[in-house]
2 protein chains.
Amino acid sequence: MNLKDLAASLGLSQTTVSRALNGYPEVSEATRKRVAEAALRHGYRPDSRARSLATGKAMAVGLVLPMTARQEIVNPIFADFVAGAAETLASRGYDIVMSLAGEEEQTQIYRSMLSKGRVDGMIMQAPLTGDRRIGLLKQLGMPFVVHGRVSDHDDEYCWMDIDNRHAFHTATDHLLDLGHRRIALLNGIEAMDFAHRRRDGFLEALAERGLTADTALMASEAMTEHYGHREAARMLRLPDPPTAFLTSSLLVAMGAQRAIASRGLRMGLDVSVVTHDDGLSYLPNGEPDAPIFTATRSPVHDAGHICAEMLLRLIDAPQTAPFHTKLEACLVLGPSSGPAPNL
Amino acid sequence: MNLKDLAASLGLSQTTVSRALNGYPEVSEATRKRVAEAALRHGYRPDSRARSLATGKAMAVGLVLPMTARQEIVNPIFADFVAGAAETLASRGYDIVMSLAGEEEQTQIYRSMLSKGRVDGMIMQAPLTGDRRIGLLKQLGMPFVVHGRVSDHDDEYCWMDIDNRHAFHTATDHLLDLGHRRIALLNGIEAMDFAHRRRDGFLEALAERGLTADTALMASEAMTEHYGHREAARMLRLPDPPTAFLTSSLLVAMGAQRAIASRGLRMGLDVSVVTHDDGLSYLPNGEPDAPIFTATRSPVHDAGHICAEMLLRLIDAPQTAPFHTKLEACLVLGPSSGPAPNL
DNA sequence: AATCATCCTCAAAGCGCTTTGGACACTCGA
DNA sequence: TCGAGTGTCCAAAGCGCTTTGAGGATGATT
């Protein structure tokens, strides 16, 4: 049942039916009611393509599924981020069109998005340092916002990011204040821009106290539990082991926790752990009021919300100058961090 | 730059340009080359809506982001599943349109998918026992395949599922063979069909050896690490604690592992743990050759592949009778399970 | 020279919707 | 009685593509 048929069955023109359905004022209340009722009865649904073609709006935004750089690992953040974004978008009638950023050439990846009309804008995730996709998107003239950012070109596009440098600076300060001097950093892959910033924040905080990092206490890898376990275990076996771990995700922290426990040490007493916590719904940091890990927390679900909100704003007014949102992660104190031993 | 302009700039008709671009034989090789070259130079991209309207194919499939029943928890499986599906779909030129299954009425949820023409078919995930969405999809006459299934109406629609009952039967047998008699089940939410089946497999295996389950050793909740920890810790404090845990996800197993360790017990020696492992890329079960947990393994990434493949088949031939894929999970042996103590 | 395949190309009719620019009937004040 | 104003409705022109049914060149065949 299309508009033509519906109009015919009502003895009205397509124009009138369309207007009645879309709430235009040029239609009498009686007619509108009659049309609405018939549409419901016949299960009429406008064809989104036709409507989109006529209006010029796709009512959809594109999202590229990020794969952690060069790894076959799907970003665990994705599900919560997209859930957040989807809530906002759905409430405004927008759909999400997903593509997979695989190994092929970037240009090729954005192929389907680019086929004009599929989407009104895009959200880009997990930018690498010096990511070239941003140039590509700008060149295409499609509205987009980046979740995260690329250091060099901060002000040329819209982004939403947490202050990763500040977060890790704060976290490091926290450990330094507790008397820790040998602090290990279990970071994510530092080709990712956020991991790079976190490392900077860590080093900065150390430097401010006149400390230099021990490269033997720094690791950078895809953020799995196994990685956290392996590296923490290795570091704890060192002649001069760390008294604290700063990790980039809850999974890594859990791995570190396991390494600490299996060495007969007590987390929070013998060895401290501070982590970043993306607030993933399926990976909560203890009970809401009783966190297990001391953490810099910033729910990625909220990030999804905000990115979507920004993108919709940009779509409504494509010519506005680039704008940004920077979120501060808050430091949540848990039992996993405590005074450095031997003090 | 649209087809009309491109044709004009070449002094050709739209027909010829369209045919040249889409590989129809009625165009001379010379013309085709000339057209392709001009299209590239002008950065011409066909409008997907217009093309879709003309061909009747949307070249996209719908995917509903599942939320674990009544919980605000995003299914951690989602990211890997969708990555798998996206690979297959992308290779065939299909996009993915996502919607969020929120709290509203189901009918409302499928709204955008239903607006005709958005998608050619759908993949439904995480069905509940007696899920009504299936009836809805059937009634709509849109091709769909279900990841998982709903017990009562197995043969009325296409589904892909792992043999959850058999997997948990096997896992339970494994523990029984090792001499365990008090086995705890840390299951997912049993409103989910798969969790229900797992429980059945567990109980069946016990029954076959003349054992009955102790309800104090059975829990059912959203599958988080915290849940695994809390429930395992509680059960280990019982007067007659379990000697083995059977858990529904790696995260839960990790929680149990933590509970075991913090009680000063050794996993695999004092207490065994067997889990189901969805093979999530960001949550590997140890090293590829050295798993940590004994597990029934079935990568959800592959499930995504298969579901997509099935859906494409269904889209190509919508009238075929419902067909199914049942995958067997394989039992991976790790150091987390061993002979029951006191034997 | 006329006929006929064989290529290559085209004009035009959709696909299903929105939207522009009236048309028609009716009311109301002058 | 007229003109303007108002409230409803409509025909038709797009939106950008694919596809049908023909048409104009060629060169080969009669």
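The sequence lines fix the lettering, A, B, ..., with proteins before strands; numbering per chain opens at 1.
- Between B:Leu10 and B:Val35 the shortest side-chain heavy-atom distance falls below 4.5 Å.
- Here the CZ atom belonging to A:Arg45 is positioned 11.0 Å from the CZ atom belonging to A:Arg51, to the nearest 0.5 angstrom.
- Note: CZ (B:Arg32) to C1' (C:dC7) measures 13 Å, nearest angstrom.
- Between the side chains of A:Ser18 and A:Thr15, no donor-acceptor pair of N or O atoms lies under 3.5 Å.
- Taking side-chain N and O atoms only, A:Thr15 has no distance below 4.0 Å to OP1 or OP2 of D:dA11.
- The side chain of B:Ser13 approaches C:dT9 more closely than any other nucleotide in the set D:dC9, C:dT9, D:dC10.
- For D:dC15, neither phosphate oxygen OP1 nor OP2 lies less than 4.0 angstrom from any side-chain nitrogen or oxygen of B:Asn2.
- In this model, the phosphate group of D:dC17 is approached by a side-chain N or O of B:Tyr44 to a distance below 4.0 Å at OP1 or OP2.
- Taking atom CG of residue A:Leu10 and atom C1' of nucleotide D:dC10, one finds them 15 Å apart after rounding to whole Å.
- At D:dT18, none of the side-chain N or O atoms of B:Tyr24 fall inside 4.0 Å of OP1 or OP2 (strictly under the cut-off).
- Across C:dT9, C:dT19, D:dC17, the shortest atom-to-atom separation from the side chain of B:Leu3 is found for D:dC17.
- Of the candidate nucleotides D:dC17, C:dC17, D:dT19, D:dT19 has the atom lying nearest to any side-chain atom of B:Thr55.
- Among the nucleotides C:dG16, C:dC10, D:dC17, the one closest to any side-chain atom of A:Ala54 is C:dG16.
- Taking atom CE of residue A:Met59 and atom C1' of nucleotide C:dT18, one finds them 15 Å apart after rounding to whole Å.
- For A:Leu53, counting side-chain heavy atoms from C-beta on, the closest listed nucleotide (D:dC17, D:dC15, C:dG21) is D:dC15.
- With rounding to whole Å, B:Asp47 atom CG is found 13 Å from D:dT18 atom C1'.
- Across the protein-nucleic acid pair, B:Arg118 atom CZ and C:dG16 atom P stand 17 Å apart, rounded to whole Å.
- The side chain of A:Thr31 places an N or O atom within less than 4.0 Å of a non-bridging phosphate oxygen (OP1 or OP2) of D:dC9.
- The separation between B:Lys4 atom NZ and D:dC17 atom C1' is 12 Å, rounded to whole Å.
- Between B:Leu12 and A:Thr16, it is B:Leu12 whose nearest contact on DNA chain C lies nearer the 5' terminus.
- Using cut-offs of 30° and 60° on the angle between ring planes, the pair B:Trp159 and B:His324 is parallel.
- The side chain of A:Ser18 places an N or O atom within less than 4.0 Å of a non-bridging phosphate oxygen (OP1 or OP2) of C:dT18.
- Distance, B:Arg51 CZ to C:dG14 C1': 17 Å, rounded to whole Å.
- A:Arg19 places its CZ atom 13 Å from the P atom of D:dT8, with the value rounded to the nearest Å.
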Criterion side-chain contact (heavy atoms from CB on, under 4.5 Å) on A:Met59 and B:Arg118, from CA distance to verdict
CA-CA 11 Å; A:Met59 293 308 282; B:Arg118 258 264 190 267; 4.0 Å; yes
